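Labels below follow one simple rule: chain letters A, B, ... track the order of the sequence lines, proteins then strands, and each chain is numbered from 1. All figures in this text were calculated on a predicted structure; none of them were measured in a lab.
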Protein chains: 2
Amino acid sequence: MARRRQAVTIKHVAADAGVSLQTVSRVINNEPNVRPAMQERVQASIDKLGYVPSIAAQRMSGSRSYLILAINDRERTIADWRNRQGSDWVDQMLFGGMLKCAEHGYRMIFELVDTHNDHVERELGAAIAALQPDGVILTPPHSENPLITGFLAKRKIPFARIGSVTSGPGIAMTMDDEGSARRATEHLIALGHSRIGFIAGPKEYDLSNWRIDGWREAMTSAELSCDALCVRGDFGYDSGGLAANALLDLKDPPTAIIGSNDQMTLAALDAAKARGLHIPGDLSLISFDNTPVVRFTVPELTAVDQPIAATFSKAVELLITNGDALVPHQPVVIEGSLIERSSTAPPSAHGRA
Amino acid sequence: MARRRQAVTIKHVAADAGVSLQTVSRVINNEPNVRPAMQERVQASIDKLGYVPSIAAQRMSGSRSYLILAINDRERTIADWRNRQGSDWVDQMLFGGMLKCAEHGYRMIFELVDTHNDHVERELGAAIAALQPDGVILTPPHSENPLITGFLAKRKIPFARIGSVTSGPGIAMTMDDEGSARRATEHLIALGHSRIGFIAGPKEYDLSNWRIDGWREAMTSAELSCDALCVRGDFGYDSGGLAANALLDLKDPPTAIIGSNDQMTLAALDAAKARGLHIPGDLSLISFDNTPVVRFTVPELTAVDQPIAATFSKAVELLITNGDALVPHQPVVIEGSLIERSSTAPPSAHGRA
DNA sequence: TTGAAAGCGCTAACAT
DNA sequence: ATGTTAGCGCTTTCAA
């Protein structure tokens, strides 16, 4: 490997502008106490020479690294990549995170870390030591892993916890699963549905339960019964079909079903079709997550969009601009929206009276 | 921002092991001339203290940065992210690239750069100056941009050009579009088809033309006519429908169609269905790219898989292990494979005699 | 408001 | 086979 040096360094700029290194440094960092004329002269040299500071050197001298580290669960992420089911979680996190970083002259680095591992701390520690990021963004299930949050807190590294509402160190951020589920349910109620089934995710996931809560809230507020209308799945396709059939086998079956994620709702769609039901005529369907797949079903699915990009964008912004300021004590809420497509309609007359 | 220092540095390790900094450095870098006993003692201290070298410091002292930079076209990538059509190109590049980097103790950084821009050089230069990557991976259309390849060559930064077969600086790598198209066509011929239509991409893309070449080759070898059987689209959904209808309106219409990408083939599927054709009974369909969407159509599409992950993995490996060695003069070929699903079958008897 | 000196963590070059 | 020295490019003291 060739010993590569910086093509243009702060020294070149200083020499060109006829000032000290320090003055150039001040201009780079927009520090006060630089006369406009001076600032202009230095900037001219910077532009002329095409100078860009080395983040390695900046980091070395004890300043920022201009790096934000986003961490995903290794196992799950790789499984998604391998299966190619069209989940675009990673894309959306890059979309929101990278672009916001770029706005501030930062870079986002994406890393995979095993959560279910004795040496999470070592693995994370290695990434931190190697990269020295100015901030870290945690996604589920890392967001709730005390080994990780504790480590970051101890090292005083600012971090955000996506999909977490518990208090503690770091900025808790949520996409308002409960509110989204409530709004989706209310939408169906407004269409005239009164029997609304819910296919829930596994209880190990906090967001599964938040989504149930939202549905239950809306149902209860409208004085509708929830009895037997909530069935658990495991977020996988097969479990969605089983759950849908269980709901449709009820003596008094639902006229609408909300699925807690796209895979399960997809399965519910297929199961309903297999029973000869027409969507949305005989059964309305709302999905959660709004991954690309819901646009390719027939009919396209009405879905709750998870504002992943917006959440990462906000996380980056808080991390960068917040500096050492206080961490908000309330979770930061980024609301998802309901994307209406063709799988929802008023219940048909020939259903229940 | 708190002035953050490395928690454990090479000094701590040296002190703990009672050796010089240099010896620790040698152990870190697996250099020769260290006695096993010494190496063991130092390694023990490293493990005990949980030491991980700072890449910033490593880079500063003139060694590697352990960073590989992968660059995509900004406009296209953002459009994909925004549209959420399920393209998983970025995911697959990370899948292949990041994991291979990790194997070697490297990191992959993903960046967006405008190609159609006067100051590509400035933009790329800034990324290079800031990050000092040990290698760069270019994707289309950057792979063919002389401003970019020239810049990298001038700076003597090793780089790979994905989807490029032209000679010149950098490692040319191709997913064998021509071969893939040929094999797809041969597959249809083997099934008994003789009228095989081809929906091509726009001619501005090299790979569009490679794919046509492969199809034409296979057709010619089998002494089949290509007349009127190749129609251009623009890779967008709408153009695929138009092209398919044009082909199916022929006096002697094809019994099979190959689409140059998933969106166009999707449209062809929909167009064929709209005409009352049964797939694959009346018309066989093969798609290109094998993005997640082809698994969600009815029937699922037989498709040519683009080995994106494998290609990036190989690119990283070449970049890291090749060092300053010679660049291969032939393009590196990573073959794609045909994934057989349910959209292909022998032509029906009631078609042409 | 500007400049000079010291040092960040590490490795290359040169001892020994 | 191991240690010593110098310096990478930048920012933080501190001085003028």
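For the pair B:R74 and B:E123, the salt-bridge criterion is met [side-chain N within less than 4.0 Å of a carboxylate O]. With respect to A:R35 and A:E40, no salt bridge is recorded, no charged nitrogen being found less than 4.0 Å from a carboxylate O.
Across all strands, A:Q22 comes closer than 4.0 Å to base atoms (heavy-atom distances). The residue B:P53 sits close only to the backbone: its heavy atoms come under 4.0 Å of sugar-phosphate atoms, none of a base.
Inter-residue side-chain proximity for B:F110 and A:M98 is flagged as met; some heavy-atom pair is nearer than 4.5 Å. The closest side-chain heavy-atom distance from B:L112 to A:L99 is below 4.5 Å.
Taking the nucleotide of DNA chain D with the nearest heavy atom to each of A:V24 and B:A57, the more 5' of the two is matched to B:A57.
When each of B:I71, B:L69, B:I171 is tested with B:L138 by the rule side chain to side chain contact (heavy atoms under 4.5 Å, CB included), just one qualifies, namely B:I71.
Using bins of under 30°, 30° to 60° and over 60° for the plane-to-plane angle, the ring pair A:W81/B:F95 lands in the tilted bin.
Rounded to 10 degrees, the angle between the two end axes of the helix from C:dT1-D:dA16 to C:dT16-D:dA1 is 40°, with five pairs used at each end.
Every residue two or more places apart in sequence or in another chain that forms a side chain to side chain contact (heavy atoms under 4.5 Å, CB included) with B:V165 is listed here: B:T174, B:W210, B:P331. Every residue two or more places apart in sequence or in another chain was checked for a side-chain hydrogen bond (donor to acceptor under 3.5 Å, both in side chains) with A:S313, and none qualifies.
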**OP:** Begin from the C-alpha positions of A:Q58 and A:S63 and carry the test side chain to side chain donor-acceptor pair (under 3.5 Å) through to its verdict.
**Re:** CA-CA 6 Å; A:Q58 292 186 126; A:S63 125; 5.4 Å; no

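Residue pairs that meet the side chain to side chain donor-acceptor pair (under 3.5 Å) test with at least one member in residues 14-23 of chain A, sequence neighbours left out, are A:D16-A:S45, A:D16-A:K48, A:S20-A:T23.
Of the residues in residues 11-21 of chain B, B:V19, B:S20 come within less than 4.0 Å of DNA chain D through at least one heavy atom, sorted by number.
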Every protein N/O lying under 3.5 Å from an N/O of nucleotides 14-16 of chain C:
none

